[in-house]
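Written below as structure tokens is the structure these notes are about.
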Amino acid sequence: MLRIAIQAKGRLNEESLTLLADAGITASGSHRKLIAKADGFPIDILYLRDDDIPQAVAMGVAQLGIVGQNEVAEKGLQVTQLMPLGFGKCRISLAVRQSLDYPGVQWFNGKRIATSYPAILKGYLNDNKIQADIHTIAGSVEVAPAVGMADAIFDIVSSGGTLVQNSLKEVEEVFQSQAVLIANSNLSQQDTDLTKKLMFRFNSIIQSRGMKYVLFNIPKDAVPRATAIIPGMKSPTILPLANPYWCSMHVVIPKQNLWDKIEQLKELGAEDILVLALENLIR
Ligand code: PRT
Ligand code: ZN
């Protein structure tokens, strides 16, 4: 029986549960306990603080976990990172007062830096041969310079709004992070097989999240040019219409360049374009 640790509450909780639900795994029971049985897969869900997830997985209390790469790197414990999950994206950066005319990373020599990520910061400072005083605090790192506790901070940034609110600016991006599936390094054969099944489902879901299903009507003589624009996975599906001069094309397109492709198809005479969410992409 597998057990997966996820964040009990906080930024990763909802998307972890959504990913599990999309993979056909829902926690049974109406109110949340420390451990919930799941329906749809032989797995238990263990709800923890994100800081505790790497250790729970390293110890084998849970065989799997979903946690930020930042926590995995900071704790430095022996776990295997199986796959990035595409959510919880952020970076950990050095930030200084907005008013500072920042000359480069050497500025940090002899300075005091407040952070909740001392291990990652230490690694970065060592790599850059900088001697600075690391001041570890658990929360509200961004207020440390204003209250005179530090000259700079090393903290998670996502939109950058928190830095601006505190009159700080990001000067060095040190670590990029997103949620990741981690595993205990000594999984049994049975747990390895189940984990592979789970990863297959996660991969399908994550791939489909980046894709759209597009269908449209197009004059038959424009099909070769349309196929050159949207080759699809193997090749587009073409279905006949009652009107012999037209057909319907169906294709899966990465959502990043969806609108470019649609404009090009319209120029070829495509009409009645439907863009649909893709539930799952199983290759
Ligand atoms: O209670 P528990 O210990 O489980 O939760 P927590 O409070 O330690 O963590 P939580 O829920 O805040 O974050 C969990 C994980 O989400 C982190 O470890 C990161 O991997 C990821 N993540 C993604 C973030 C952010 N984005 C984020 N923006 N974690 C924190 N922030 C904070 C950041 O600390 C700063 O205060 O948001 C603020 C910055 O945001 P912007 O958008 O203003 O730049
Ligand atoms: Zn935490």
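As the structure lists them, so they are numbered: ligands from 1, and atoms in each ligand from 1.
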> Should you measure from each heavy atom of Gly10, which atoms of ligand 1 turn up under 4.0 Å away?
Replying inline: 11 (O)

> Between the main-chain N or O of Leu168 and the side-chain N or O of Gln98, is there a donor-acceptor pair closer than 3.5 Å?
Replying inline: yes

> So which heavy atom in the protein is nearest atom 41 (P) of ligand 1, and how far is it from that ligand atom?
Replying inline: Ser159 OG, 3.3 Å

> Considering only protein heavy atoms, which is closest to atom 5 (O) of ligand 1, and at what distance to one decimal place?
Replying inline: Gln7 NE2, 2.9 Å

> Can you tell me which residue and heavy atom of the protein come closest to atom 14 (C) of ligand 1, and the distance to 0.1 Å?
Replying inline: Asp50 OD2, 3.4 Å

> Taking the side chain from Asp52 and the backbone from Leu48, do they hold a donor-acceptor pair closer than 3.5 Å?
Replying inline: no

> For Trp107, is the NZ or CZ atom of Lys111 found under 6.0 angstrom from the centre of its six-membered ring and inside 45 degrees of the ring axis?
Replying inline: yes

> Which residue holds the protein heavy atom closest to atom 17 (C) of ligand 1, what is that atom called, and what is the gap in Å?
Replying inline: Asn70 ND2, 3.7 Å

> What does the angle at the Zn ion (ligand 2) come to, between atom OD1 of Asp51 and atom OD1 of Asp50, rounded to 10°?
Replying inline: 70°

> What are the atoms of ligand 1, with element, lying closer than 4.0 Å to any heavy atom of Gly160?
Replying inline: 41 (P), 42 (O), 44 (O)

> Identify the closest protein heavy atom to atom 43 (O) of ligand 1: which residue and atom is it, and at what distance?
Replying inline: Thr162 OG1, 2.6 Å

> Which heavy-atom pair separates Ser158 from Arg91 by the least distance, and what is that distance?
Replying inline: O-NH1, 3.2 Å

>> Could you tell me, atom by atom, which parts of ligand 1 come under 4.0 Å of a heavy atom of Gly161?
In response: 43 (O), 44 (O)

>> Any protein heavy-atom neighbour for atom 7 (O) of ligand 1 (distance below 4.0 angstrom)?
In response: no

>> Closer than 3.5 angstrom, by distance alone: can the side chain of Gln63 be matched with the main-chain N or O of Leu2 as a donor-acceptor pair?
In response: no

>> Taking CE in Met83 as the centre, count heavy atoms belonging to other residues, nucleotides or ligands within less than 6.0 Å. Is the count above 12?
In response: yes

>> If we ignore hydrogens and angles and just use 3.5 Å, is the side chain of Asn217 paired with the main-chain N or O of Glu271 as donor and acceptor?
In response: no

>> If the cut-off is 4.0 Å to any non-hydrogen atom of Asp51, which atoms of ligand 1 fall inside it?
In response: 3 (O), 8 (O)

>> Distance under 4.0 Å to a non-hydrogen atom of Lys9: what atoms of ligand 1 satisfy this?
In response: 4 (O)

>> With respect to the Zn ion (ligand 2), please indicate if Glu71 possesses an N, O or S atom at a distance under 2.8 Å.
In response: no

>> If you compare all heavy atoms of Val180 against all heavy atoms of Gly68, which two are closest, and at what distance to 0.1 Å?
In response: CG1-C, 4.4 Å

>> I'd like to know if the side chain of Lys255 and the backbone of Arg209 have a donor-acceptor N/O pair within less than 3.5 Å.
In response: yes

>> Test your reading of the model: is there a side-chain donor-acceptor pair from Lys220 to the backbone of Pro244, 3.5 Å cut-off?
In response: yes

> If you count the atoms of ligand 1 from 1 in the order shown, which ones are under 4.0 Å from a heavy atom of Gly68?
Replying inline: 20 (O)

> Which atoms of ligand 1 are found less than 4.0 Å from any heavy atom of Val157?
Replying inline: 44 (O)

> Considering only protein heavy atoms, which is closest to atom 1 (O) of ligand 1, and at what distance to one decimal place?
Replying inline: Arg49 NE, 3.6 Å

> What are the two closest heavy atoms between Ser93 and Glu170, and how far apart are they?
Replying inline: OG-OE2, 2.6 Å

> What is the closest protein heavy atom to atom 32 (C) of ligand 1, and at what distance does it sit?
Replying inline: Arg11 NH2, 3.3 Å

> Among Val141, Ile6, Leu12, which residue places a heavy atom closest to atom 15 (C) of ligand 1?
Replying inline: Leu12

> Among all protein non-hydrogen atoms, which one is nearest to atom 35 (C) of ligand 1, and what is the separation to 0.1 Å?
Replying inline: Ile156 O, 3.6 Å

> Can you tell me if Asn184 uses its side chain to pair, donor with acceptor, with the backbone of Ala58 under 3.5 Å?
Replying inline: yes

> Where does Cys90 meet ligand 1, judged by heavy-atom distances below 4.0 Å: at the side chain, the backbone, both, or neither?
Replying inline: side chain

